[in-house]
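Worksheet: the structure to be examined is printed underneath.
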Amino acid sequence: MRMINFSAGPTGLPLSVLEHAQSELVDYRGEGYSVMEISHRSKTYEEVHFGAMDKIKKLYGIGDEYEVLFLQGGAHLQFAMIPMNLSQGGVCEYANTGVWTNKAIKEAKLMGVNVRVAASSEDDKFSYIPEIKFGDDADYTYICSNNTIYGTQYKALPKSKAPLVVDASSDFFSQPLDFSDIGILYGGAQKNAGPSGVTIVIIRKDLIERVSSQNVPTFLRYKTHADAKSLYNTPPTFAIYLLNLTMQWIMDNGGLEGIKARNDAKAKLLYDAIDGSSGFYKGHAQKEHRSVMNVSYNITPDATLEPLFVEEALKHNMLGLKGHRHLGGIRASIYNAVSQNDVKVLVDFMKEFARKNG
Ligand SMILES: *Cc1c(COP(=O)(O)O)cnc(C)c1O
């Protein structure tokens, strides 16, 4: 029995991906070993590694002007690597939309760069996406495209003057994207793309060369990893193998267009249930800024019903519905691997719960 997994990350992977991995686990394609048991310099592994990079570029429709890097250290290490590599002594412009951008801002300040917060929605508990006041002096503009905790999302990427740096940890590979302003798009794999352990950084090639300070350690330079095709040191080979399988799964499901259609339908089903609950459930995000990936909501008549909701949902095989500790309430993360039918099960449960407790 598999649980329906609404966890924020790490979270569920497509069952067919897991089964495929299971079938090859001890004997990879008749070679007599597992893919995790061989050199990262072997031909067998290289096919996996470069196969995953190719698929990522194909899915987003990007060419040689971008490099796909497989790094470690999660989104958290990127909070520091971005200012270290991209600052040219000008202003590093940030839009603050919640916990994750706050952390990125804090880390940039720690790196000693000149940070300007050019937008913030802190005044209303990060329930909306604020307008950014772009300056002419920015080295880059930093945003988080989907705010995993507060459940807000940019409906389109902003038209920035400087290269746009996007933390896409929680909406990576969920929809097609216009790359025209993107300098860096990055995120850990563990929400939509695979297991934890690999951080995917898609970077425009000119930005790789920007690193200027003598004091940036070799390992923390994008250039080091780009020059070595992300084989500078031992990469997380098994995580990249699962990433490759997940990218193939997206291709087999209509690519990012197909995935977006699925995701939009799932989000509509859930938001309609919240809006149609006569006020029993109330979404946190303002309607026009709602996330298609993370749906954060409360039970308004009585917040003490929230733990009960989570507990009863668990008895109905639904996992991970407890809200983040910063916000409380309920959060359903409906990433790519969650099916429309899974959301239907949740919506039916919500209706029944409201009927019993309303
Ligand atoms: C999960 C998440 C992070 C943190 O990712 P790690 O890989 O744990 O460092 C950062 N940003 C966003 C938007 C996230 O959803």
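Only this structure's heavy atoms are used, side chains among them; waters, hydrogens and symmetry mates stay out. In each ligand, atom 1 is the first atom listed, and ligand 1 is the first ligand listed.
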Starting from [atom], locate the nearest protein heavy atom and write down its residue, its atom name and how far away it is, to 0.1 Å.
{"atom": "atom 11 (N) of ligand 1", "value": "Asp167 OD2, 2.7 Å"}
{"atom": "atom 15 (O) of ligand 1", "value": "Thr148 OG1, 2.5 Å"}
{"atom": "atom 9 (O) of ligand 1", "value": "His76 ND1, 2.6 Å"}

Can you check whether [X] and [Y] have ring centres sitting under 6.0 Å from each other?
{"X": "Phe349", "Y": "His316", "result": "yes"}
{"X": "His225", "Y": "Phe219", "result": "yes"}
{"X": "Phe173", "Y": "Tyr60", "result": "yes"}

Would you check whether Asn146 has a nitrogen or oxygen atom less than 3.5 angstrom from a nitrogen or oxygen atom of ligand 1?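 Not met; the criterion fails.
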Among Pro10, Gly73, Ala75, closest by any non-hydrogen atom to atom 5 (O) of ligand 1: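 Ranked by closest heavy atom to atom 5 (O) of ligand 1, first place is Ala75.
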Using a strict cut-off of less than 4.0 Å between a Lys/Arg side-chain nitrogen and an Asp/Glu carboxylate oxygen, indicate whether Asp64 and Lys57 qualify as a salt bridge.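 Answer for the salt bridge query: yes.
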Ligand-residue contact atoms, ligand 1 with Ser169, heavy atoms, under 4.0 Å: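 Reading through ligand 1 atom by atom, the close ones are 2 (C), 10 (C), 11 (N), 12 (C), 13 (C), 14 (C), 15 (O).
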What atoms of ligand 1 come within less than 4.0 Å of a heavy atom belonging to Gly74?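 Taking each heavy atom of Gly74 in turn, ligand 1 has 7 (O), 9 (O) under 4.0 Å.
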Distance-only polar pair, side chains of Thr97 and Asn147, donor-acceptor under 3.5 Å: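 Yes - a donor-acceptor pair under 3.5 Å links their side chains.
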Do Asp124 and Gln286 have a side chain donor and acceptor closer than 3.5 Å?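 Indeed, the side chains of Asp124 and Gln286 share at least one donor-acceptor pair under 3.5 Å.
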For [X], is the nearest heavy atom under 4.0 Å from an atom of ligand 1?
{"X": "Lys191", "result": "yes"}
{"X": "Cys144", "result": "yes"}
{"X": "Gln190", "result": "yes"}

Between Lys191 and Trp100, is NZ or CZ placed under 6.0 angstrom from the six-membered ring centre and within 45° of the ring axis?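 Yes, Lys191 lies over the aromatic ring of Trp100.
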